[in-house]
K.L.:
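Input: one structure, supplied below.
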Amino acid sequence: MQLSIVIPCLNEKETIVRCIEEAKQGILRLGISAEIIVADNGSSDGSVELARAAGARVVHVPVRGYGAALKAGILAAQGKYIVMGDSDGSYDFTQVPDFIRKFDEGYDIVLGNRFLGGIEPGAMPFLNQHLGNPVITVFTQILHGRAFGDTQCGLRGGTREALHSLNLQSDQFEYASEMVVKALRSNLRLAEIPVRLRHDHTDRKPHLRPWRDGLRHMRLIVAHAISRG
């Protein structure tokens, strides 16, 4: 198995099939052996049944949280390369081949950059776009010595070997920061590529709570800087 696409899911019946179909298109363009894993975090809206009918393998994740879902999906993944992306329709999974090209160049972790790829109007809340994401990204740079344009993008990936070596622990949204910080500390090769951020057009309440989750990111970034000495 060359590629695993991992999609965390919690009540995304409006968009999960679209994500899976786009992932299939990306796989078709690559022409490699691949699988699509939906890491379900307790959906009750029929998302699981829709995902299975669309051809995905569903992994049930009893521990709630974005990071918990991704950890379970990555653990179940069989591919040499793993690309992960949100299930709300905000990311275009047909861009998966762009990640694979970077892995083939020798990179261990590849992050999407929404500020380079373009953000549709209304796709990212004003505070997240102009305060939250930039502040977290700059803090990562200051405390861990590497400049990135977007450390919080939900479309990212890594080699299976690299992701397993990081031993990521976070169950919530700070998982994204933990991946970047630990990859830097492990001297892995990181790259960024432009990705598009679309308006998700879903009716459900956002899972992300900007202030609470932003503080969790900051605490993790600072804690790892202190532990490094």
Side-chain angles (χ1 to χ4, degrees), residues 4-24 26 35-77 79 82-93 95-96 111-112 114 119-120 122-125 127-128 132-133 136 150-158 163 168-179 195-217 220:
S4 297
I5 298 176
V6 176
I7 307 175
C9 179
L10 175 58
N11 293 327
E12 301 286 8
K13 67 177 182 180
E14 299 174 60
T15 51
I16 189 63
V17 173
R18 176 185 180 181
C19 293
I20 293 169
E21 292 303 325
E22 288 183 345
K24 288 180 180 178
E35 62 179 351
I36 300 170
I37 297 173
V38 170
D40 186 73
N41 216 191
S43 295
S44 57
D45 67 344
S47 294
V48 168
E49 292 75 16
L50 289 169
R52 285 203 184 102
R57 175 159 65 100
V58 176
V59 174
H60 293 284
V61 187
V63 178
R64 284 296 182 95
Y66 174 77
L70 284 176
K71 285 191 294 181
I74 290 169
L75 185 63
I82 300 173
V83 176
M84 60 203 83
D86 300 346
S87 56
D88 61 3
S90 57
Y91 293 105
D92 183 357
F93 283 91
Q95 293 188 264
V96 165
L111 307 174
R114 298 163 292 183
I119 301 172
E120 285 187 1
M124 186 185 294
L127 282 177
N128 292 37
N133 279 284
I136 292 172
D150 185 5
T151 61
Q152 303 304 304
C153 183
L155 186 60
R156 58 178 58 202
L163 290 171
L168 301 174
Q169 299 295 313
S170 300
D171 287 334
Q172 305 303 325
F173 283 101
E174 65 269 27
Y175 179 91
S177 291
E178 184 185 6
M179 182 185 297
V195 300
R196 297 179 293 277
L197 183 68
R198 307 181 296 204
H199 198 294
D200 58 29
H201 297 293
T202 60
D203 295 328
R204 62 132 178 92
K205 184 179 179 181
H207 300 314
L208 179 70
R209 297 183 182 178
W211 292 108
R212 180 201 65 182
D213 294 317
L215 287 172
R216 282 177 168 169
H217 281 281
L220 182 142

K.L.:
Are Asn41 and Asn11 side-chain neighbours, meaning at least one heavy-atom pair lies under 4.5 Å?
P.N.:
no

K.L.:
State, to 0.1 Å, how close Glu35 and Ala76 come at their nearest heavy-atom pair, and which atoms those are.
P.N.:
OE2-O, 4.4 Å

K.L.:
Anything under 30° is parallel, anything over 60° is perpendicular, the rest tilted; go ahead and classify Tyr175 against Tyr66.
P.N.:
perpendicular

K.L.:
So does Glu22 pair up with Arg196, basic N to acidic O under 4.0 Å?
P.N.:
no

K.L.:
Under 3.5 Å, side chain of Arg198 to main-chain N/O of Glu120, donor-acceptor pair present?
P.N.:
no

K.L.:
With side chain to side chain contact (heavy atoms under 4.5 Å, CB included) as the test, would you mind laying out the steps for Arg156 and Leu70 before giving the verdict?
P.N.:
CA-CA 11 Å; Arg156 58 178 58 202; Leu70 284 176; over 6 Å; no

K.L.:
Side chain to side chain contact (heavy atoms under 4.5 Å, CB included) for Ile7 and Ser87? Distances and angles first, verdict last.
P.N.:
CA-CA 6 Å; Ile7 307 175; Ser87 56; 3.4 Å; yes

K.L.:
Should Arg52 and Val38 count as side-chain neighbours, where that means a heavy-atom distance under 4.5 Å?
P.N.:
no

K.L.:
Working note: Thr151 + Met179, criterion side chain to side chain contact (heavy atoms under 4.5 Å, CB included); need CA distance, chi angles, decisive distance, verdict.
P.N.:
CA-CA 9 Å; Thr151 61; Met179 182 185 297; over 6 Å; no

K.L.:
Quick one: CD1 on Ile74 to CG on Leu163, what's the gap to the nearest 0.5 Å?
P.N.:
5.0 Å

K.L.:
What's the separation between atom CZ in Arg57 and atom CD1 in Ile36, rounded to the nearest 0.5 Å?
P.N.:
11.5 Å

K.L.:
Does some side-chain heavy atom of Glu12 sit less than 4.5 Å from a side-chain heavy atom of Leu10?
P.N.:
no

K.L.:
Answer yes or no: is there a side-chain heavy-atom contact under 4.5 Å between Phe93 and Leu155?
P.N.:
yes

K.L.:
Looking at every non-hydrogen atom in both residues, tell me the closest pair between Ala68 and Val61 and how far apart they are.
P.N.:
O-CG1, 3.6 Å

K.L.:
Under a 4.0 Å threshold between the charged nitrogen and the carboxylate oxygen, would Asp45 count as salt-bridged to Lys13?
P.N.:
no

K.L.:
Indicate the atoms forming the closest heavy-atom contact of Gly79 with Ser4, along with that distance.
P.N.:
N-OG, 2.8 Å

K.L.:
Give me the atom names and distance for the closest heavy-atom approach of Cys153 to Gly112.
P.N.:
CB-O, 3.0 Å

K.L.:
Is the shortest side-chain N to carboxylate O distance from Glu21 to Lys24 below 4.0 Å?
P.N.:
yes

K.L.:
Is there a side chain to side chain contact (heavy atoms under 4.5 Å, CB included) between Val195 and Asp92 once you walk through the steps?
P.N.:
CA-CA 8 Å; Val195 300; Asp92 183 357; over 6 Å; no

K.L.:
Restricting to non-hydrogen atoms, name the atom on His199 and the atom on Gly122 that form the minimum distance, rounded to 0.1 Å.
P.N.:
CD2-O, 3.2 Å

K.L.:
Looking at every non-hydrogen atom in both residues, tell me the closest pair between Glu174 and Ser170 and how far apart they are.
P.N.:
CG-OG, 3.6 Å

K.L.:
Supply the atom-to-atom distance Ile119 CD1 to Asp150 CG, rounded to the nearest 0.5 angstrom.
P.N.:
7.5 Å

K.L.:
Is the backbone N or O of Asp88 less than 3.5 Å from a side-chain atom of Asp86, with the two atoms forming a donor-acceptor pair by type?
P.N.:
no

